[in-house]
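For reference, the structure is listed below as structure tokens.
Values reported hereafter were calculated over all heavy atoms of this structure, with side chains retained and with hydrogens, waters and symmetry mates removed.
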Amino acid sequence: MKSSVSAGKVTITHENKIYTSSSKSANVFRIQLTSIGLGISGILFVLYPAIRPFSDEASLSGAAAFASPEWLIAHVMAMLAFILLTFGLLGFYLFLQETYTDRLAFLGFVLSLLGTGLTLPFYGAEVFGLHAIGQEAIKLQNSDLIGMANVVRFGPGFTMILIGLLSLAIGCILTAIGIWKSRILPKWSGIPLALGFLLYIPQFVGTQPIRVAHGFVVAIGCLWMAVSLFRKSRLSQR
């Protein structure tokens, strides 16, 4: 703040106005960036089950699936999808932090961050551990090695991913409630994502078409939320 005296009058100039304007623009940019990440996340949640090879995992065809490039690509896409999802939920917290639903948005982001952190180690073991098992089984032409896949999947990491996915589901539900109560964004926009993560654990036992359909549910939620957030952030900048 600067003050000057002119003809007996005191003039006060607020330097903060410049910084407030630039800070608002920077915040809008961050929100728009996270919304783009959320949209990409939705697309990746569809591509993951669509590209992932499904086969009889008790035979060498299962080993071939594990050893394939598609196995690696699909699971890396899944890991990126979870990371970008959390990035997107951060955007909703940034957008809603000055509303009375900011606590819901913040808690939703924190739980999604925790859930992603607990989920990713399982996907890492699945993509790289099973890939190595598949390569070795094909090399030795020994289908018995495929049984090691269940050791990788249902060890201590299985408990971690269950807790992680439950945390993510609760985080998405809290974000959806925050969106609904805020009356700023479309009320229903958070529901498909919350539903998708409520069903994330059950869909693991489904066939490939069911899992792809589930991916579309998650994608609809991500894209709807992303577009709504991007548009509203642009309007708030004017």
Side-chain angles (χ1 to χ4, degrees), residues 37 40-87 89 111-172 193 195-219 221-222:
I40 296 172
S41 172
I43 295 169
L44 293 175
F45 273 117
V46 176
L47 292 177
Y48 158 54
I51 294 175
R52 179 194 188 276
F54 287 80
S55 61
D56 177 12
E57 295 185 356
S59 66
L60 284 176
S61 63
F66 294 159
S68 68
E70 291 81 6
W71 183 266
L72 291 174
I73 292 169
H75 284 81
V76 169
M77 283 182 170
M79 291 189 286
L80 289 174
F82 281 105
I83 293 169
L84 292 174
L85 171 67
T86 308
F87 189 51
L89 294 183
L111 286 173
S112 71
L113 183 63
L114 173 65
T116 297
L118 292 173
T119 298
L120 288 181
F122 181 90
Y123 272 88
E126 173 121 331
V127 58
F128 300 115
L130 270 59
H131 183 68
I133 290 170
Q135 287 182 318
E136 192 66 16
I138 291 174
K139 179 181 177 181
L140 300 176
Q141 289 295 295
N142 184 358
S143 61
D144 292 339
L145 290 175
I146 302 300
M148 292 293 295
N150 287 334
V151 177
V152 173
R153 284 173 169 160
F154 300 110
F158 186 67
T159 303
M160 284 184 62
I161 192 175
L162 288 179
I163 297 172
L165 290 174
L166 285 172
S167 296
L168 268 167
I170 296 170
C172 290
L193 184 66
L195 177 62
F197 273 90
L198 271 176
L199 298 173
Y200 210 96
I201 294 174
Q203 62 91 36
F204 275 130
V205 299
T207 59
Q208 185 173 21
I210 291 174
R211 294 186 65 172
V212 171
H214 173 265
F216 272 109
V217 173
V218 175
C222 288

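The minimum heavy-atom distance between Pro202 and Val205, with the atom names listed, is O-CG2, 3.0 Å. When every heavy atom of Gln208 is checked against every heavy atom of Pro49, the shortest pair comes out as NE2-O, 2.9 Å. Across every non-hydrogen atom of Ala219 and Val46, the tightest pair is CB-CG2, 3.5 Å. The two atoms that bring His131 and Ala67 nearest to each other are CE1-O, 3.0 Å, heavy atoms only. Residues Ser41 and Leu84 share a closest heavy-atom pair of CB-CB, 3.7 Å. Across Ser55 and Ser61, no two heavy atoms sit closer than the pair OG-O, 3.4 Å.
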task = May I have the step-by-step check of side-chain contact (heavy atoms from CB on, under 4.5 Å) for Leu47 and Ile73, ending in yes or no?
result = CA-CA 10 Å; Leu47 292 177; Ile73 292 169; over 6 Å; no
message = Let's go through Val218 and Leu193 carefully: what are the C-alpha distance in whole Å and the side-chain angles of both, what is the deciding distance for side-chain contact (heavy atoms from CB on, under 4.5 Å) to 0.1 Å, and is it a yes or a no?
response = CA-CA 5 Å; Val218 175; Leu193 184 66; 3.9 Å; yes
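Side-chain atoms of His75 do not come within 3.5 Å of backbone N or O of Gly124 as any donor-acceptor pair.
With contacts defined as side-chain heavy-atom distances shorter than 4.5 Å, the pair Leu165/Phe82 qualifies. Within the 4.5 Å cutoff, the side chain of Thr116 has no heavy atoms near those of the Leu85 side chain. Pro121 places a side-chain heavy atom less than 4.5 Å from the side chain of Met160. Taking the side chain as every heavy atom from C-beta outward, Leu168 and Leu111 never approach each other to under 4.5 Å. In this structure, the side chains of Thr207 and Phe54 stay at 4.5 Å or more apart for every pair of heavy atoms.
Leu89 contributes atom CG, which lies 5.5 Å from atom SG of Cys172 (distance to the nearest 0.5 angstrom). Atoms CG and CD1, from Leu44 and Ile83 in turn, are 10.5 Å apart once rounded to the nearest 0.5 Å. A distance of 14.0 Å separates CG of Leu195 from OH of Tyr200, quoted to the nearest 0.5 Å. Of the inter-residue distances, the one linking Leu114 atom CG with Thr86 atom OG1 reads 10.0 Å to the nearest 0.5 angstrom. Atoms CD1 and CD1, on Ile138 and Ile146 in that order, are 7.5 Å from each other to the nearest 0.5 Å. Atoms CG and OH, on Leu80 and Tyr48 in that order, are 13.0 Å from each other to the nearest 0.5 Å.
The aromatic ring centroids of Phe45 and Phe197 lie less than 6.0 Å from each other.
A search for ring-ring contact (aromatic ring centres under 6.0 Å, His included) contacts involving Phe66 returns Trp71, not counting sequence neighbours.
Screening residues 136-163 for salt bridge (Lys or Arg N to Asp or Glu O under 4.0 Å), with sequence neighbours left out, gives Glu57-Arg153, Glu126-Arg153.
Enclosure of atom CE in Met79 by more than 12 non-hydrogen atoms of other residues, nucleotides or ligands within 6.0 angstrom is indicated.
In this pair, Phe204 and Tyr123 present their aromatic rings tilted. The plane angle is within the 30 to 60° band.
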